[in-house]
Amino acid sequence: MYNFDVERPTSIVDAVQAMSKEEAQPISGGQTLIPTLKARLAAPSVLVSLTGIEEMKGVRMSDDGRLCIGGGTTHTTVAAEAAAHYPGLASVAARIGDPAVRNRGTIGGSLANNDPSACYPAAALGSGATIVTNNREIAADDYFLGMFTTALEEGEIVTEVKFPIPQAAHYEKFLQPASRFPLVAVFVARFSDGVRVAVTGASNDGVFRWTEAEEALSANFSADAVAGLKAEGDMISDLHGTAEYRAHLVGVMTKRAVAAIA
Amino acid sequence: MPKDGGIGASTKRREDVRFLTGNGRYTDDINLRGQAYVFFLRSDVAHGKLTSVDTSAAEGMDGVVRIFTGKDFEGVGGMPCGWQVTDKHGQPMQEPGHPVLAQGKVRHVGEPIAAVVAETLGQARDAAEAIVVDIEELPAVINMKDAVKDGAPKVHEELTSNLCYDWGFVEENKEAVNKAFEDAAHVTTLELVNNRLVANPMEPRVAVGDYSRSDGEHTLYTTSQNPHVIRLLMGAFVLGIPEHKLRVVAPDVGGGFGTKIFHYQEEAFCTFAAKACNRPVKWTSSRSEAFMSDAHGRDHVTKIELALDGDNNFTAIRTDTYANMGAYLSTFAPSVPTWLHGTLMAGNYKTPLIYVNVKAVFTNTVPVDAYRGAGRPEATFQLERLVDKAAHELGVDPIKLRRQNFITEFPYATPVAVEYDTGDYVATMDKLEEMADIAGFAARRKESEAKGRLRGFGVNCYIEACGIAPSNLVGQLGARAGLYESATVRVNATGGLVVMTGSHSHGQGHETAFPQVIAEMIGIDASMIEIVHGDTARTPMGMGTYGSRSIAVGGSAMVRATEKIIAKAKKIAGHILEASEGDIELKDGMFSVAGTDKSLAWGDVTLAAYVPHNYPLEDLEPGLEETAFYDPSNFTYPSGAYACEVELDPETGQVTIERFSAADDFGNIINPMIVTGQVHGGLAQGIGQALMENCAYDSDGQLLSASYMDYAMPRASDLPFYDVDHSCQTPCTHNPLGVKGCGEAGAIGSPPAVVNAVLDAMRSGGKDVAHIDMPVTPSRVWAAMQG
């Protein structure tokens with residue numbers, strides 16, 4: 001690591017203020033950022049820790065029936081507290097990384113980082129969530145802009161994520177054997193007005209909605225409905241799987257997610 | 001009934017008390033007063049001309065003690081290679097120089113270019129970033145077959161090519177082997193890759209160099225499997241320090257797996273720099289550094305052929321292997337694809353004619369050397385895949401084909417130089433068939449198919465040569481070392497004793513198993529016996545632990561020393577009991593005179609040895625301390641049969657291991673629990689190689705699998721509950737304990753069973769695939785099933 005200062009604001013207002021410093025970098029659970037710092041791949045002058053901001057923590061139901069999760073809420077908390085309201089989402093949180101990651105990592109941190117193989121982006125996009133920041137609300141469809149890229153502006157903080165609750169949802173994950181991130185994972189959410197399918201791990205463009213599958217499943221919610229479909233796009237090809245294999249897995253994971261719900 | 005002490009008892013490991021309570025003392029736990037830290041600036045390109053290393057901006061930075069570059073090591077010896085292979089024309093291998101810090105060129109990603117010694121590691125690292133390195137990049141050679149083509153870029157300009165040696169074994173048999181292939185009724189051919197691995201011991205390498213100006217003594221604390229070997233290599237060949245001025249200490253070591261046998265640059269550097277800076281210098285490898293500086297393992301590309309007669313008897317084997325040496329020759333690298341590989345090509349079978357060709361090749365990659373099994377897994381994988389392929393081609397049962405060709409009479413002289421002393425391959429196969437419940441397989445396959453999964457069953461046999469090794473034999477084969485082992489047994493006045501052994505325990509449980517042997521011999525409690533190892537100042541010259549040699553060679557030295565102790569103790573007892581020493585019997589810690597009720601306790605005799613009041617001083621020296629060096633007369637030959645049952649998800653290509661059975665013959669066994677644990681660990685590494693682990697480079701020589709994000713280590717959840725048996729025991733005939741060694745068997749014996757099972761599963765799904773390379777990843781399986 002290089003040297004840096006640490007700020008520990010206790011309110012969103014103070015955090016935003018602290019973020020105005022030059023080369024300030026927010027840190028939440030630090031599950032990506034700390035290894036990056038240790039490898040000297042980032043050199044922020046100030047780390048603004050968001051973990052002391054109580055107003056950014058917790059899971060609650062809003063009056064309009066959405067599940068609202070504070071940006072600083074850990075995966076472990078989401079796994080426990082969302083289970084009664086949105087089991088499909090709680091199950092995503094419960095399967096991220098390992099216990100150490102889940103006890104530190106937060107939903108806001110994961111969504112701000114937008115790793116192309118992360119789990120939460122698929123849940124947020126697949127649920128049609130709304131990402132709330134310190135100064136606006138962004139629909140998930142407008143939020144994820146590609147690998148490690150989001151609609152967040154410099155210094156903008158994810159304070160809350162609002163999830164509409166589908167009739168049913170399932171996240172089917174195929175693990176990359178080394179990192180245990182998804183090699184390909186698919187989040188399928190069935191709403192009364194249609195189906196959303198979000199895919200992570202597969203594409204060089206990061207998380208994406210598989211619209212052909214959504215259309216097919218909205219018309220006929222069964223595993224057979226996606227049997228003949230093939231995901232298109234700029235798929236990742238690496239040591240762990242070819243682009244063709246990943247495209248194939250998108251279909252298999254979608255089918256299995258649907259089967260788990262139907 | 002199981003014993004609760006002595007030989008054959010599953011005594012719990014005494015060392016685990018400190019390991020499991022965080023009280024182990026590893027090299028990184030050693031911090032000396034005034035210690036400085038070193039950070040190595042390593043090459044980030046695979047091949048290039050080092051045109052300048054400018055340290056001027058870094059020199060004055062905070063905390064910098066001194067910066068070293070290759071220039072500081074001009075006139076200092078290079079890293080020595082401990083084995084010289086002679087090629088098929090009778091010429092010595094090509095042996096390039098191997099500097100401590102790069103000189104003139106860099107030859108692999110991770111090669112150290114400069115070293116910054118500073119007050120803190122952070123300061124050393126900061127200063128290293130300020131060093132300006134100018135490298136004129138050269139084309140990298142990564143693929144072995146490309147590397148030996150005419151006109152390929154040379155890793156070492158001073159050599160004639162990238163070919164280290166072209167080894168033929170046994171060269172005199174070549175024509176007869178070729179003739180056997182011409183006459184064969186059937187020939188099975190297989191081309192395969194034995195994937196490159198990174199050992200990944202839990203504890204990364206660490207070195208702490210210390211120097212005492214007052215007496216000129218150097219001390220190196222290091223994560224080594226063999227501190228005396230490091231003392232000899234580093235002292236004599238690199239730094240020119242005589243042994244009496246150099247102490248090497250390898251305290252608790254957190255796993256070695258071969259990769260901590262070798263002498264590394266960082267050890268020489270810390271020892272050198274401690275004197276140059278006149279203060280202790282410490283280096284602790286990061287995991288990232290370990291990936292690009294620990295010697296890698298395996299990395300063979302092989303074509304192998306089997307000739308059979310009309311009755312399916314094996315008549316000849318012919319192999320053609322390319323073995324990757326990496327950019328430099330690591331300490332024992334040349335021996336691995338030759339004498340640890342070619343000599344095992346007979347396997348468990350009475351194939352009369354064998355010819356092995358190995359081309360060792362330099363590439364711009366990390367040096368490759370021994371990794372758990374070292375050469376023997378490569379031999380076993382080829383042979384056992386080949387036999388399975390032959391069985392499939394011939395339409396015969398793979399177990400039946402193996403049984404038909406088993407060696408059944410011992411001793412058996414193979415056509416590849418070694419002579420197996422004992423074994424019973426039929427017995428281990430019988431045991432395996434029982435354990436694997438072959439009769440129940442069809443029902444289990446049905447259950448899997450009901451879930452949409454395929455199920456496959458695979459077996460293999462293995463033989464290994466371990467307990468290495470007879471010094472005169474390995475000397476003829478090119479070893480620049482002896483491979484005996486030593487032990488000093490020091491009995492204290494009150495009867496307790498200390499064994500100072502040249503073997504080194506880095507996970508093997510010597511501190512528990514070795515005392516069991518002496519406890520049995522003398523009849524005293526094992527708690528009276530302490531094992532000292534890992535310190536050249538405290539133990540006699542020993543060769544350390546690798547090649548499953550500790551109990552077979554080190555244990556034998558300890559037995560020999562203990563026999564001397566007992567012989568002397570009997571003389572003392574005879575004197576006190578006024579009887580002839582020939583009439584003295586030792587049982588349960590009591591000396592007695594045969595046929596009388598006269599007896600004396602062990603402790604009375606040991607006390608008399610040090611308080612020699614009533615003692616035959618005219619005939620016998622006081623004291624009770626003996627040393628023995630034991631040089632084995634042959635290798636030992638553990639063998640066994642393994643079976644693997646996999647489930648395969650045809651939609652994803654995911655393979656899971658549902659059952660794994662291992663029937664081993666390790667000869668006599670000292671501690672069955674420790675043996676079981678050794679087999680479990682070996683199986684995890686063998687299955688890891690078969691399914692997951694892969695060290696991959698891109699064509700520019702960048703290491704793609706440079707962290708745990710991309711290098712897949714097996715985890716508990718990837719492995720089944722093993723069924724392990726070692727009740728088949730044909731004792732070794734040439735060492736005093738009748739033991740064979742068990743450390744490497746699991747890693748040697750498991751990969752082919754896994755791959756054979758995967759191919760069987762694929763066949764059951766209608767895909768007859770001739771071969772699939774390791775690691776058998778989901779992506780590869782799926783792709784193979786599309787073909």
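Every chain is numbered from 1 and lettered A, B, ... according to where its sequence line falls, protein lines coming before strand lines.
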Does atom [atom1] of [X] have more than 12 heavy-atom neighbours, drawn from other residues, nucleotides or ligands, at distances under 6.0 Å?
{"X": "A:Arg95", "atom1": "CZ", "answer": "yes"}
{"X": "B:Glu651", "atom1": "CD", "answer": "yes"}
{"X": "A:Arg8", "atom1": "CZ", "answer": "no"}
{"X": "A:Asp98", "atom1": "CG", "answer": "yes"}
{"X": "B:Asp698", "atom1": "CG", "answer": "yes"}

Shortest non-hydrogen contact between [X] and [Y], atoms and distance:
{"X": "A:Leu239", "Y": "B:Ala696", "answer": "CD2-CB, 3.4 Å"}
{"X": "B:Ser779", "Y": "A:Gly241", "answer": "OG-CA, 3.3 Å"}
{"X": "A:Phe174", "Y": "B:Gln654", "answer": "CZ-OE1, 3.0 Å"}
{"X": "A:Ala178", "Y": "B:Met709", "answer": "CB-O, 3.4 Å"}

[X], part contacting chain B, at a heavy-atom distance under 4.5 Å:
{"X": "A:Arg246", "result": "neither"}
{"X": "A:Gln176", "result": "side chain"}
{"X": "A:Met253", "result": "side chain"}

By a 4.5 Å heavy-atom criterion (distance strictly below it), what part of [X] contacts chain A: side chain, backbone, both, or neither?
{"X": "B:Gln786", "value": "neither"}
{"X": "B:Met692", "value": "side chain"}
{"X": "B:Arg780", "value": "neither"}
{"X": "B:Asp126", "value": "both"}
{"X": "B:Asp649", "value": "side chain"}

Which of B:Glu129, B:Met713, B:Arg715 touches chain A most, by non-hydrogen pairs under 4.5 Å: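 Top count of heavy-atom pairs under 4.5 Å with chain A: B:Arg715.
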Residue selection (most heavy-atom pairs with chain A, distance under 4.5 Å) from B:Pro778, B:Ala783, B:Pro714: B:Pro778
B:Ser717 side chain reached by A:Arg180 side chain, heavy atoms, under 4.5 Å: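 A:Arg180 reaches B:Ser717 side chain to side chain.
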NE2-OG distance between A:His240 and B:Ser705, expressed to the nearest 0.5 angstrom: 8.0 Å
N/O donor-acceptor pair under 3.5 Å between A:His248 side chain and B:Thr652 backbone: no
